[in-house]
Amino acid sequence: MNQKEHLEHKKNVRALVITGFGINCEQEMAAAYHLAGASPEIVHLNDVLEGKISIHDYDILNFPGGFSFGDDLGSGKVLANKIRFKAMANGKLFFDALKEFLADGKYILGVCNGFQALVKAGLLPNVWGKFDQEVTLATNDSGKFEDRWSVLKKNPDSSSPFLKNIDLMNLPVRHGEGKLIITDELTRTEIVRQSLNCMSYADGFGKPTPEYPFNPNGSVLNCAALTDPTGRIFGIMPHPEAFLSIYNHPDWPRLKRENPDLPEQGEGVTIFTNIVQAIISGKKSYEP
């Protein structure tokens, strides 16, 4: 593929960014896709449910962070119920449309509140392939909203395309209910066996840890992110879309002094670039 064809493919990668009902990180997520070379579009979920927009016209569906429905019944729970049980204007359940979307080899991303919604809707981790809720995300062990930067360590056995060529990553956390809880031991065993616990909270040396504040919520397995068995559904509690520039980092002056050649692009962009490249590769493989 020559440079011109490559750029054309990137332009044709379409990212649907859902907003509405208290979601408030849609602009940052759209900016991340823009930096990654895709074509993002911010759409209210009601426009999808009312048939004005079809998710099938897009390559990746995104649920950003925020406080959907005020977190009144637990973070992401009401949004999860809408995702799972709401019928669209054509009479089909939105959840069935999501299954078709995934069957077509497409991708879903959820960040923070979006991650909570994917978990509670049964899309993550979906160990047993039944789209039932298998785990949950609950109140941080600290009992308070955590707003701090964290170090994440990739599970080296994860093959999710979202995490290609990533080892360590710095990202901010902004959540009150980010503690992963797994009550079923068989499910926990399968999550570990399939490396679905794809990113862990780590200490300053990059070692996964349960210690606070490195692990800001007390998650089982020190888990900061999950994928499904296909690797095409990815959910993460910290915010990659909030680290698009080195100048987003609170310690950027020291980082630049210690490494004058440090890229000005923030580490979070890598996740979006990775998935755009994966989509391009998939499009190329289907070309005659």
Side-chain angles (χ1 to χ4, degrees), residues 9-10 13-18 23 25-40 42 58-66 106-119 123-125 149-175 178 180 195-202 206 208 219 222-228 230-249 262-282:
H9 272 281
K10 289 182 76 173
V13 173
R14 302 189 67 195
L16 180 60
V17 180
I18 295 297
I23 292 169
C25 295
E26 68 276 14
Q27 294 289 347
E28 293 94 330
M29 186 170 280
Y33 278 108
H34 178 74
L35 290 173
S39 297
I42 298 171
Y58 298 84
D59 301 296
I60 180 166
L61 176 63
N62 302 273
F63 293 93
K106 296 184 177 183
Y107 300 85
I108 297 177
L109 169 64
V111 175
C112 197
N113 192 229
F115 178 26
Q116 294 162 336
L118 295 184
V119 163
L123 287 160
L124 282 173
W149 282 72
S150 59
V151 177
L152 305 186
K153 171 72 174 177
K154 176 189 171 181
N155 184 334
D157 295 323
S158 173
S159 59
S160 175
F162 286 92
L163 299 177
K164 183 178 179 180
N165 297 326
I166 290 174
D167 180 26
L168 294 175
M169 176 171 274
N170 283 270
L171 294 177
V173 297
R174 305 166 178 170
H175 61 254
L180 180 70
S195 302
L196 306 185
N197 54 323
C198 57
M199 297 195 91
S200 298
Y201 296 107
S219 281
N222 309 313
C223 190
L226 287 172
T227 67
D228 76 324
T230 72
R232 289 187 288 106
I233 307 178
F234 177 63
I236 182 169
M237 279 309 298
H239 288 261
E241 83 290 352
F243 193 12
L244 303 184
S245 164
I246 186 61
Y247 305 113
N248 292 140
H249 197 287
L262 190 69
E264 297 209 347
Q265 181 170 280
E267 294 177 23
V269 181
T270 307
I271 287 174
F272 298 93
T273 302
N274 279 344
I275 202 59
V276 168
Q277 293 298 329
I279 292 167
I280 291 169
S281 297

Item to check | Which residues share a side chain to side chain donor-acceptor pair (under 3.5 Å) with Ser245, sequence neighbours left out | outcome: none
Next on the checklist: For Ala242 versus Arg174, what's the shortest heavy-atom pair and its separation?
Outcome noted: CB-NH2, 3.5 Å
Next on the checklist: So, using side chain to side chain donor-acceptor pair (under 3.5 Å) as the criterion, who are the partners of Glu267 when residues are at least two apart?
Outcome noted: none
Checklist outcome for this item: Sorted by chain and number, sequence neighbours left out, side chain to side chain donor-acceptor pair (under 3.5 Å) with Asn248 holds for none
Output a table of donor-acceptor pairs, distance under 3.5 Å, between side-chain atoms of residues 232-240 and any protein atom two or more places apart or on a different chain; print 'none' if there are none.
from: Arg232; atom 1: NH1; to: Leu102; atom 2: O; distance (Å): 3.0
from: Arg232; atom 1: NH1; to: Lys106; atom 2: O; distance (Å): 2.7
from: Arg232; atom 1: NH2; to: Leu102; atom 2: O; distance (Å): 3.3
from: His239; atom 1: ND1; to: Glu241; atom 2: OE2; distance (Å): 2.6

Checklist entry - With sequence neighbours left out, what residues match Tyr107 under ring pair (Phe, Tyr, Trp, His ring centres under 6.0 Å)? => result none
Checklist entry - Can you list the residues that meet the side chain to side chain contact (heavy atoms under 4.5 Å, CB included) rule with Val151, with sequence neighbours excluded? => result Leu168, Asn170, Ala202
Checklist entry - CG of Asn222 to CG of Leu152: how many Å apart, nearest 0.5 Å? => result 11.5 Å
Please table the atom pairs, donor to acceptor, closer than 3.5 Å between any side-chain atom in residues 157-165 and protein atoms at least two apart or in another chain.
from: Ser158; atom 1: OG; to: Ser160; atom 2: N; distance (Å): 3.4
from: Ser160; atom 1: OG; to: Phe162; atom 2: N; distance (Å): 3.4
from: Ser160; atom 1: OG; to: Gly231; atom 2: O; distance (Å): 3.0

Checklist entry - When rounded to the nearest 0.5 angstrom, what distance separates NZ in Lys154 from OG in Ser200? => result 12.5 Å
Checklist entry - Nearest heavy-atom pair of Phe243 and Ile246: which atoms, and what distance? => result CE1-CA, 3.8 Å
Next on the checklist: Test of understanding: with ring pair (Phe, Tyr, Trp, His ring centres under 6.0 Å), list the residues that count as partners of Phe115, not counting sequence neighbours.
Outcome noted: none
Item to check | Side chain to side chain, Leu226 and Leu180, heavy atoms closer than 4.5 Å | outcome: yes
Item to check | Which atom of Tyr58 lies closest to which atom of Ala15, heavy atoms considered | outcome: CD2-C, 4.0 Å
Checklist entry - Closest heavy-atom contact between Ile271 and Met169? => result CD1-SD, 3.9 Å
Checklist entry - How close do Val17 and Pro64 get, heavy atom to heavy atom, and via which atoms? => result CG1-CG, 3.6 Å
Checklist entry - In Å and rounded to the nearest 0.5 Å, what is the CG to CD distance from Leu244 to Glu264? => result 13.5 Å
Next on the checklist: For a 4.5 angstrom cut-off between non-hydrogen side-chain atoms, does Leu109 reach Ile275?
Outcome noted: no
Next on the checklist: Could you check whether any side-chain N or O of Ser195 sits under 3.5 Å from a backbone N or O of Pro156, counting only pairs where one atom can act as donor and the other as acceptor?
Outcome noted: no
Next on the checklist: Side chains of Leu123 and Asp228, heavy atoms from C-beta outward: is any pair under 4.5 Å?
Outcome noted: no
Next on the checklist: With no hydrogens and no angle check, just 3.5 Å: does a side-chain donor-acceptor pair link Gln116 and Asn113?
Outcome noted: yes
Item to check | Spatial distance of atom CG (Asn62) from atom CG (Leu16) [nearest 0.5 Å] | outcome: 7.0 Å
Checklist entry - For Lys153, which residues count as a salt bridge (charged side-chain N to carboxylate O under 4.0 Å, His left out) partner, sequence neighbours excluded? => result Asp167
Checklist entry - Are the side chain of Thr273 and the backbone of Ala36 linked by a donor-acceptor contact shorter than 3.5 Å? => result no
Checklist entry - Taking the inter-plane angle between the rings of Tyr33 and Phe272 on a 0 to 90° scale, is it parallel (under 30°), tilted (30 to 60°) or perpendicular (over 60°)? => result perpendicular
Next on the checklist: Check whether Asn155 reaches the backbone of Met199 with its side chain - one donor and one acceptor, N or O, closer than 3.5 Å.
Outcome noted: no
Item to check | Side-chain (Asp59) to main-chain (Arg14) donor-acceptor, under 3.5 angstrom | outcome: yes
